[in-house]
Amino acid sequence: MALLELEEVRAGYGPTSVLHGVSLSVPEGQIVSLLGANGAGKTTTLRSITGGVQWTGDIRFAGRSLRRMHTEDVVRCGIAHVPEGRGILTELTVDENLKLGSHLRRDGAAVRKDYDRVFEYFPVLRERRRLSASTLSGGEQQMLALARAFLTKPRLMLLDEPSLGLAPLIVRSIFEIIRTINTEDQVAVLLVEQNARLALEMSSEAYVLEVGRVAVRGSSSELTGNDAVRRSYLGY
Amino acid sequence: MQELLQQVVSGIATGGIFASLALALVLIYNAMGLVNFAQGEMAMLATFVALALIDHGMNYWIAFPVTLVIAFAGGIAIERVVIRPVERAPILTLVIVTLGLATLINGLAGFIFGYVPRAFPSPFPVQTVNILGALASYQDLGVIAVSAVVLLAIYLLLQHTTVGLTMRAAAHHPEASRLLGVRVSWMLALGWGLASAVGSVSGIMVAPILLLQPNMMQTIIIYAFAAAVLGGIESPIGAVVGGVIVGVTVNLAGVYLPFVGGDLQLAVALAIIVGVLVLKPNGLFGRPSVRRV
Amino acid sequence: MLTRIRNSPPRYWLVVVVILFFIGLPTVISSFQASEWAQVLVLAIAIMGLNILVGYSGQISLGHGAFMAIGAYTFAILIHRYRMNYLVAIPLAGLLTGGIGFLFGVPALRLSALYLALATFALAVVTPSLIKRPAELTGGVQGIILPPVDPPPAAGAAFTALTGTPMTSDQWIYYLTLAFALVLFWLAWNLVRHRAGRAMRAVRDGEVAAAASGVNIAGYKTLAFGISALYAGIAGALFGLAVGFVSPDTFPVSLSIQLLVGAVVGGLASIPGPLIGAIFAYFLPIESNQWVPAQTWIPSQIASTVEKAGPAVTYGVVLILIMIFAPNGVVGLVTAGYARLRRRLRGAADRENGQMPPDPQTV
Ligand SMILES: Nc1ncnc2c1ncn2[C@@H]1O[C@H](COP(=O)(O)OP(=O)(O)OP(=O)(O)O)[C@@H](O)[C@H]1O
Ligand SMILES: [Mg+2]
């Protein structure tokens, strides 16, 4: 059984419906990428999972339906959602942002160890601990968001375009770390990306959304190998 | 000079009273972008509760924290019952609701406790003490001390506890906070509870001076508005500084400006409110806000 | 003309009935009751002013009692000091208050809705102590006592011919207030239907869009403040006339709250709303004052407390409940109910005729 399963999920904003029956699944400990053109509904899919929009159909996490659950409760089940725009609390310091990530955990020793790891991954965050998060650069904010998500000790991370607006070099290093977290802690990842090539490199499986429907689904290597799919959906 | 110093000390004491209520306003403003017009009335009701406890033989220093706990619970209850249904309504609706709340509480207090002003005990001796040549009353110093302790406690709670952190997070970025597992709606209620407790300190401190009756806080809330606006309505530190400035200013104006005297002190507060709002809407400590159009 | 009336929608008939009701009212009630109803109409005028500001321009004033105070004191001073004719003094007081309101509207432009609420509320609280200060002008704490007015002979004669009793001063004041109310309601109705009203609503519903479509936002917002204050000023003057004196305590904060209650109960952004709201806001405390002592189960010692606290409690509860459950007030409830009823009736009729109901948007 997969860790996360979406079954015929329909969702929208008020009168406009955006998702017209999306089904996908993320197996335990795997990275799955979710691709598609602008406006295809990738962000809306992630928001459905964490209860940010109304949806019908079914979404199950670790065998438990998330229907009618509030965002707070979904997240407390072990899903970390790094939203589009990163969701940094710019009024707070870097440290306070990180604390918000770990504030629900009761395993003090493990938390301290995780902080050490976070600072090992992102040394810059240690240097800026006391500064306001608003002073961070875009790339540093992305690191903070990722670090904060990691500190919640999730079983699944939903990452919405972690590469957006970042220099290629930084993107590389961030994706490295995502992969490390994935392999070392068995954290599953549902990765939304515009950079399809990079995403397919990372993931074992991929879905391509087209106007609210799953147009293509397959293993990442399959999709990379398929020229027709590559040209018509992935644009490279 | 001595006289001036004395007036300043008593101004700081009054300022502490204003500051508590202003801080309560700021807490709710930060939680939901709303000025709670019922804050003063809530404090007045809590003060009646304190008096009832003391009249039943409870020691002042036990009745005091007990009242704060009751006020805290009352604030949460009010948020859940009255504010929650209109949480997402336009600001005008919310303002009218809190004004309705103010009217309701005022009436209820009159209903239960009557309109005859009552003496309220002060725990501080009536003597004065000589500080640097100026005579300060224990009453004033006591009020300053109590206010300072309460304000410090709130500061520590907000800045150095997890609950405080989540409250601030929920206030600034509800959506992002939800994604981190913060129960935002509950944080709003907590904000109301906290505000209610802090505000009631000002009621308890001012009651020995003004005598307790349902309309006691009607003028104090105006001074608190002035303090909060002067400090920058979203700044807790601003509320405290603003409270002290308003307290001292009003006190000095009342004594040294014959034109103002006792009965136009309230007009000074109005002038501060209007002046700050028109000339420097973000107050002393507020961050400039983005204005549409 | 007649055919036009016959073919006009039912609400025009309603208007005619209401006007006739108010004209006929003093012939069937006592002179004292007429003076009560005069105050209802006074409140209705002031609430209409508030309604123009809040309902149509989206600004707020929690201190409209202060504008009433300005109007009332201007009126009293003009009569008392300058021996002016009261019929001239009323509109003059209104104009002056309107001018002050217009000036007030300029700094108000810079304030957000919340800050405006705060500043006007503070104004309402401070007003009584401000009035006391220039004591030679305002009479200080005592206030100013106004000479009673006699009905003009023609009006008195007409009234006597109709009812067989001489017209009292109160009855004359009632008719005078009614005349002002009719004119001011008619003006308000014209205002909201025509360009200024549409512009104001556009401003209320979204400043950005309104600015984009070329509406002079600042102009209309200050204009709304001025007009609103003019209404409050005239109401204040008529209030002074009806009560026979003005004093600082005639204009407490609770007056401003009473106006707000009236505006909200009747329904913001509606023309009949202020009248309904005024009837409610005026009679609620009076009824509770009469009802409470009549209840033998309430011990007499606490009856006076109940009398005093009852209106505040009710006002508070009403404000909260209306905001939660019926933000458009009584008028909003009635229109919604009427629309639903009509839809159902029309649906039934159309089904019989075999016709499709028209597109609801065009109704
Ligand atoms: N808050 C909203 N209200 C109304 N419509 C919205 C809202 N957010 C998104 N939409 C619409 O929903 C559709 C899907 O949006 P979504 O953000 O899910 O796309 P996306 O795949 O994440 O696109 P992108 O790659 O640009 O981020 C779009 O047509 C968008 O216009
Ligand atoms: Mg997106």
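Below, read A as the first sequence line, B as the second, and so on, with proteins coming before strands; counting in each chain starts at 1.
B/Phe111 touches chain C through backbone and side chain together, each having a heavy atom under 4.5 Å away. With a 4.5 angstrom heavy-atom cutoff, B/Leu277 touches chain C via backbone and side-chain atoms both. Residue C/Val318 does not touch chain B at all, counting heavy-atom pairs closer than 4.5 Å. Both the backbone and the side chain of C/Ala117 come within less than 4.5 Å of a heavy atom of chain B. For B/Ile91, the part lying near chain C is the side chain, with the backbone staying farther off; criterion is any non-hydrogen pair under 4.5 Å.
Among pairs with a residue in residues 117-138 of chain C, those fulfilling salt bridge (Lys or Arg N to Asp or Glu O under 4.0 Å) read B/Asp263-C/Arg133, at least two apart in sequence or across chains.
Ranked by heavy-atom pairs under 4.5 Å with chain B, the list C/Val313, C/Val317, C/Leu319 is led by C/Val313. Annotation: maximal heavy-atom pairing with chain B below 4.5 Å, among C/Ile60, C/Ile324, C/Leu118, occurs at C/Leu118. Of the listed residues (B/Val229, B/Val274, B/Leu264, B/Leu34), the greatest number of heavy-atom pairs within a distance under 4.5 Å of chain C belongs to B/Leu264. The residue among B/Leu270, B/Ile221, B/Val95, B/Thr219 with the most heavy atom pairs within less than 4.5 Å of chain C is B/Leu270. Between chain C and the options B/Leu94, B/Ile96, B/Val97, the largest number of non-hydrogen pairs under 4.5 Å is found for B/Ile96.
Nearest heavy-atom pair across B/Trp192 and B/Glu79 is CD1-CG, 3.4 Å. Smallest separation of non-hydrogen atoms from C/Leu116 and C/Gln59: CD2-CB, 3.9 Å.
Below 4.5 Å, heavy atoms of chain C meet heavy atoms from B/Leu99, B/Gly100, B/Leu101, B/Thr103, B/Leu104, B/Gly107, B/Leu108, all part of residues 98-108 of chain B. Residues of residues 80-87 of chain B lying within less than 4.5 angstrom of chain C, judged on heavy atoms, are B/Val82, B/Pro85, B/Val86 in numerical order.
A search for side-chain contact (heavy atoms from CB on, under 4.5 Å) contacts involving C/Ser256 returns C/Ala124, not counting sequence neighbours.
Heavy atoms of other residues, nucleotides or ligands lying less than 6.0 angstrom from CG of B/Leu252 number more than 12.
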